[in-house]
Amino acid sequence: MPFDVRRSTFVVIAALALAATPRAQVGDIRQRQFDEILDLYVRDGEVYYRALKLERAKLDGFVNSLANVQADRLGREDRIAFWLNAYNALVLETVIDHYPIQKRSNEYPAKSIRQIPGAFERLPHRAGGRTVTLDQIEQTILPEFRDPRVYLALGRGADGSGRLRSEAFSGQRLETQLTESAGECVDRARCVKVDREADTLAVSSIFSWREKEFSAAYADKAPATFAGRSPIERAVIALVQPKLLTIEREALERNSFRLVYIPFDWTLNDLTGRGGR
């Protein structure tokens, strides 16, 4: 049977199975489907894109199942989990639709999702009962939840993004998962780095992109020592300081550091050719 026919058959069967399942169980089934995909193809935030493209039927079935979900009727945690999973799955689909990615611009790395025309701002997707782009999910839908940790949980198909988890987000475990995503940021030099000699606190550009949201959520939670700092500086301190090493915390407590942003690395988070399949 030709590959595209197999894929279409799988998608149809998956859709019929979901349609025949009580609504209360559909979300759990959908989450397990994405769990299996992520567990199989994601390792430490990197993706076996070549293998995923060759065996894409499950991902296509999952993405198709997102189209008519009445996301607005879900509880808050389930809505957040839905949109995080939708975003991450749509990024995976966007990459494999164009994999291997062809270089079109010198502005980004050769094998980058940014080499795909309109990947974030123009390509339309059906999810949650509406037509959205990836940028619309990040800039219009996710801000409604007023929890900027979600921006550290988005797998943008790039090494500079938050670490793509090997499991789907779940409403029941969301708080734990978002806390872990924020903690993982602090543990990665491309996300947070305290340089005691240069007296700098370098953080991911994600904090500058979503400065308004991080400031609103965390600026008032910083220790009084940093009261004279800008809102985004206080927000970053409140979020990362508890997770830093003692020597790093002491360096920041001198309160002479300069906040700098790490240029975002748009290199594709591709495991193929790095010991993967």
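These numbers were taken from a predicted model, which means no experiment stands behind them.
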Suppose we screen for ring pair (Phe, Tyr, Trp, His ring centres under 6.0 Å). Which residues come up paired with [X], at least two apart in sequence or across chains?
X: F214; result: F207
X: Y87; result: none
X: F257; result: none
X: F82; result: none

Q. In Å and rounded to the nearest 0.5 Å, what is the OG1 to CZ distance from T200 to R196?
A.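 The CZ atom of R196 is 11.5 Å from OG1 of T200, to the nearest 0.5 Å.
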
Q. What distance separates L252 CG from T225 OG1, expressed to the nearest 0.5 Å?
A.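 It is 11.0 Å, given to the nearest 0.5 Å.
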
Report yes if some heavy atom in the side chain of [X] is under 4.5 Å from a heavy atom in the side chain of [Y]; otherwise report no.
X: E180; Y: R165; answer: yes
X: R163; Y: S181; answer: no
X: V95; Y: K53; answer: no
X: L134; Y: E121; answer: no
X: N88; Y: F34; answer: yes

Electrostatic pair [X]:[Y] at N-O distance under 4.0 angstrom:
X: R146; Y: E213; result: no
X: R56; Y: D97; result: yes
X: E144; Y: R79; result: no
X: E138; Y: R156; result: yes
X: E46; Y: R43; result: no
X: R130; Y: D72; result: yes

Q: Please collect all ring-ring contact (aromatic ring centres under 6.0 Å, His included) contacts where either partner lies in residues 114-140, sequence neighbours excluded, each pair once.
A: F120-W266

Q | Selection residues 142-172 - residue pairs positive for ring-ring contact (aromatic ring centres under 6.0 Å, His included), sequence neighbours left out | A |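 Of all non-adjacent pairs touching residues 142-172, none passes ring-ring contact (aromatic ring centres under 6.0 Å, His included).
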
Q) If you measure only the distance, is there a donor-acceptor pair under 3.5 Å linking the side chains of T267 and D265? A) yes

Pairwise disulfide (SG to SG under 2.5 Å) hits with a residue in [range], at least two apart:
range: residues 236-268; value: none
range: residues 148-261; value: C185-C191
range: residues 67-117; value: none
range: residues 81-145; value: none

Q: Might you point out which heavy atoms bring P143 and I137 nearest each other, and give the distance in Å?
A: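 Heavy atoms only, the tightest pair is CD-O, 4.4 Å.
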
Q | salt bridge (charged side-chain N to carboxylate O under 4.0 Å, His left out) partners for E233, two or more places apart | A | R229

Q.
For the NZ atom on K243, are there more than 12 heavy atoms of other groups (residues, nucleotides or ligands in this structure) within a distance under 6.0 Å?
A. yes

Q | Side-chain donor or acceptor of R149 paired with backbone N/O of A182 under 3.5 Å | A |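 No.
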
**Q.** Backbone N/O of D60 and side chain of E93: donor-acceptor pair under 3.5 Å
**A.** no

Q) Who are the side chain to side chain donor-acceptor pair (under 3.5 Å) partners of S256, not counting sequence neighbours? A) D199

**Q.** Working for side chain to side chain contact (heavy atoms under 4.5 Å, CB included), residues L239 and L152
**A.** CA-CA 12 Å; L239 185 63; L152 302 174; 4.2 Å; yes

